[in-house]
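Keep in mind it's a predicted model, so treat the numbers as computed, not measured. Proteins get letters first, then strands, A, B, ... in listed order; numbering begins at 1 in each.
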Number of protein chains: 4
Amino acid sequence: MTTDFSASPGEPPLRADARRNRDQIIGAAKSLFTSDGPEVPMEEIARSAGVGVGTLYRRFPDRESLIRAVARDNFANTLAQAEAAAVEEPTGWDSLVRLLKSSDELQLSVHLGMSSPRAWEIVKGDEITQRLRNSLLATLDSVVATAQAEGSLRADVGAGDIAAIFAMLLRRPGPDHPDSQRLAERALQVMLDGLRTPGRPGAGLPGEPISVSEIPLLKRDKRPARDG
Amino acid sequence: MTTDFSASPGEPPLRADARRNRDQIIGAAKSLFTSDGPEVPMEEIARSAGVGVGTLYRRFPDRESLIRAVARDNFANTLAQAEAAAVEEPTGWDSLVRLLKSSDELQLSVHLGMSSPRAWEIVKGDEITQRLRNSLLATLDSVVATAQAEGSLRADVGAGDIAAIFAMLLRRPGPDHPDSQRLAERALQVMLDGLRTPGRPGAGLPGEPISVSEIPLLKRDKRPARDG
Amino acid sequence: MTTDFSASPGEPPLRADARRNRDQIIGAAKSLFTSDGPEVPMEEIARSAGVGVGTLYRRFPDRESLIRAVARDNFANTLAQAEAAAVEEPTGWDSLVRLLKSSDELQLSVHLGMSSPRAWEIVKGDEITQRLRNSLLATLDSVVATAQAEGSLRADVGAGDIAAIFAMLLRRPGPDHPDSQRLAERALQVMLDGLRTPGRPGAGLPGEPISVSEIPLLKRDKRPARDG
Amino acid sequence: MTTDFSASPGEPPLRADARRNRDQIIGAAKSLFTSDGPEVPMEEIARSAGVGVGTLYRRFPDRESLIRAVARDNFANTLAQAEAAAVEEPTGWDSLVRLLKSSDELQLSVHLGMSSPRAWEIVKGDEITQRLRNSLLATLDSVVATAQAEGSLRADVGAGDIAAIFAMLLRRPGPDHPDSQRLAERALQVMLDGLRTPGRPGAGLPGEPISVSEIPLLKRDKRPARDG
DNA sequence: GATGAATGAGGCTTCATTCAT
DNA sequence: CATGAATGAAGCCTCATTCAT
């Protein structure tokens, strides 16, 4: 279920079928943007959503518009998760950890989206996304303050640092690493240990160390690779 | 100066002017891949290199070929830097830190390049890049071993973990953050503190904390942003 | 009020609201065909008529059908005016003049419509329009004969000549001439003087001569106009 | 042979083959604009010119650009003809007549072009076309003055009137009239008689009167014509 | 009946690649 | 060899028309 951020609140709500289509399109776009970047052919998105191109274009007059909608959707979801984390966890530190761990589907695609200059330009210009983003940062800010007040988070970082680290961690090492899950968790734990107030014991890393030989050694492909 | 990784070692070395062209093309491609992604029009690359498309295509029969050449160039440079870091620094830890800090121009463009699924597919299939990569990992492996032996690097990480973290840190937070340099340095320091053997004191973070308000709050543009 | 030229005379007359819709659509189409040519999007016509596309298509199964209906409507109106002119004016010459002056709204849109090859093909194929056209020509024929019999119209022209001249005069000089009304009137007067039986005094032209400087000298726009 | 009105005079002249292509494209466009209006598919123009679409677009980056080029070409040709008529004929009246008769291929397509609002907008914005147009009007102005000074042209018309009449006469009665040549000539003669200084004898009309029955009665086409 | 959503063919334009000069 | 022209496949987007609500 996606949120409809139409510009004009006065417009009538979408008809049931139109609504369903809209959601399918956003879902398909999210998924394809994540896997193939924000330049996937519109037709592919439409096909993957099970609609015709025309329908896609009726709903989103151009690619920018679709990218904006996906960004809004993702930020809204993330904001909801962040607020839940802030409220439901017993300590600031726990909120922070949950926050850094949670936003799986969400930030993933947000940030993959953001890694394209094209997408970034578009999102920058969208006021609604900016509002969501600001709320998200505000939530993060209060979690950081809480965690620092309780003495668990080192005092010399700001919410901006956390956000930046956050953004970095959300880039997966490579789209197709065989065990990217474990890898990401371990990296996150290292980072959390680095964020602990000095002197406080950090946690051990989950799983076994990743050896060099586990980094994917890439299969040859058949082309002669005749290069310059 | 770039290295020529032509497939056939028997071929005569390029004439001086041809060589110059090749270098200019790779330079232009590196720069444009970094700023605009690996899908920039070939003509634009040619223009920026000061040659005609024809020349570009004589040197690199297609885009893949050019991407491969850029990747090889970058990995070769990185490998050289890594080897220097391994040899020239007094301790394993110092080597590691230098490694993580050094590969500025280099990995930057490698990884930005790699952030495109398209580019990744191509590089995966290139044996020479893989060889360079493996050498790079081998070097990293020995640096990690040394640092662990000397007790500075926590024992429960492997070179693979470091490589993955490395990859993460190389993604800049956003194309146009006003102070992305400071941001990256601070994030790196947090990560290094997390990598320290527990109990050993880490370093303080450089500069002031980054507050939420420093995250770029994006200027509105005027379009009505009529979306779905 | 438009005339309904449905093919099947047996059909019941339209309900009042349906009738209203039909008239609004034809009115909107006439107006848009005149200003934007006969290729305006159907949706725009529908919107301008205050109905949904569906309604438009229920009434006119395709664009051809709508163009036909507009043509019929225009020809019918013109025919009525021509017959009135033939009957109500004291002399043949007066009838002719009135005819040439009258068909303002009517022929205007007919002929603008006809300036499109597409529209012309369609109207050519429509029997009803042809019947109307033939009646119109017959009326013209009798007016011409009368005027020649009374000695006012030169003897060496036929109704066909008049029709052709008529058609020419109906094209406005340019969509946006500031004083196209005066221009058209003066041109008409010149033509009437040419049609007078030689020796009979013609009328002076209305208004002042149009100088070259009155022809719209078009404002520059800023684009560099990079052409081949 | 067309004239190259490239914006930047510093550019090198086109290569022989490119030049040939350019001319073929303009020729094809002129012809197709004339027969089908200025919205003919670009592919059709390219095909008719014997080149690929890509070539067309290399030469003319978009449709506007092509329309501009055609307009420039036409105005340049017309201007040349007008200047010849002004200089080579013994009297002002003769110049005027030749002018009104000459511009066959030329004005035809110019004005058909102009009958489309789209094309008009484009041409309005093109400075070069405007310059050509102004020269043309200046030439016309002097011809008119000469003819009035010699007493052949009625004194109460201005060059602007002539231009407007000119424009009207250039619209052919219908694209496919069987004898549109005769028709146009006779209409022109009527107009010339109307332009004569009163009292001076005009010429008789060429050929026989055009009767109503010669106006094309349009063949039925087979569709049932089920309309609203 | 009326409405507006969905469809998909078709036109526009870009750009990777090939080829003549 | 270098250059830049030519080609055409492929992506974007618009609209005529059909169909579910």
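- Heavy-atom nearest nucleotides on DNA chain F were determined for C:Glu43 and for A:Pro41, and the one closer to the 5' end corresponds to A:Pro41.
- Nucleotide F:dT17 holds its P atom 11 Å from the CG atom of C:Leu66, rounded to whole Å.
- When each of F:dA2, E:dT17, E:dT13 is scored by its nearest atom to the side-chain atoms of D:Asp62, the top-ranked nucleotide is E:dT13.
- Atom P of nucleotide F:dA6 and atom CG of D:Asp23 are separated by 12 Å, given to the nearest angstrom.
- D:Leu56 has its CG atom 10 Å from the P atom of F:dT7, to the nearest Å.
- Pairing of F:dA16, defined by two Watson-Crick or G-U wobble distances under 3.5 Å, is identified with E:dT7.
- Two residues are said to be in side-chain contact when any heavy atoms from C-beta on lie closer than 4.5 Å; B:Asp36 and B:Glu44 meet this criterion.
- Side-chain N/O atoms of C:Arg59 include one lying less than 4.0 angstrom from OP1 or OP2 on E:dA2.
- Within a 6.0 Å sphere centred on CD of C:Glu43, heavy atoms belonging to other residues, nucleotides or ligands number 12 at most.
- Under the Watson-Crick or G-U wobble criterion, with both distances below 3.5 Å, E:dT21 is paired with F:dA2.
- In this model, the phosphate group of E:dA5 is not approached by any side-chain N or O of A:Asn21 to a distance below 4.0 Å at OP1 or OP2.
- Closest contact between the side chain of A:Arg58 and the listed nucleotides E:dA5, F:dT17, E:dA2 involves E:dA5.
- For the pair D:Met42 CE and F:dC13 P, the computed distance is 18 Å after rounding to whole Å.
- Checking A:Thr55 against C:Gly50, the closest nucleotide of DNA chain E that is more toward the 5' end is the one next to C:Gly50.
- Using Watson-Crick or G-U wobble geometry with both donor-acceptor distances under 3.5 Å, E:dT14 finds its partner in F:dA9.
- Without hydrogens or angle criteria, C:Arg68 side chain to C:Ile128 main chain gives no donor-acceptor distance under 3.5 Å.
- Residue whose closest nucleotide on DNA chain E sits further toward the 5' end, between A:Val51 and D:Val40: A:Val51.
- Mapping A:Gly54 and D:Gly52 onto DNA chain F by nearest heavy atom places D:Gly52 closer to the 5' end of the strand.
- If you take CD1 on C:Ile122 and OG1 on C:Thr129, they are separated by 10.5 Å, rounding to the nearest 0.5 Å.
- Base contact: D:Val53 has a heavy atom under 4.0 Å from a base atom.
- For E:dT17, the OP1/OP2 oxygens have no side-chain nitrogen or oxygen of B:Arg63 closer than 4.0 Å.
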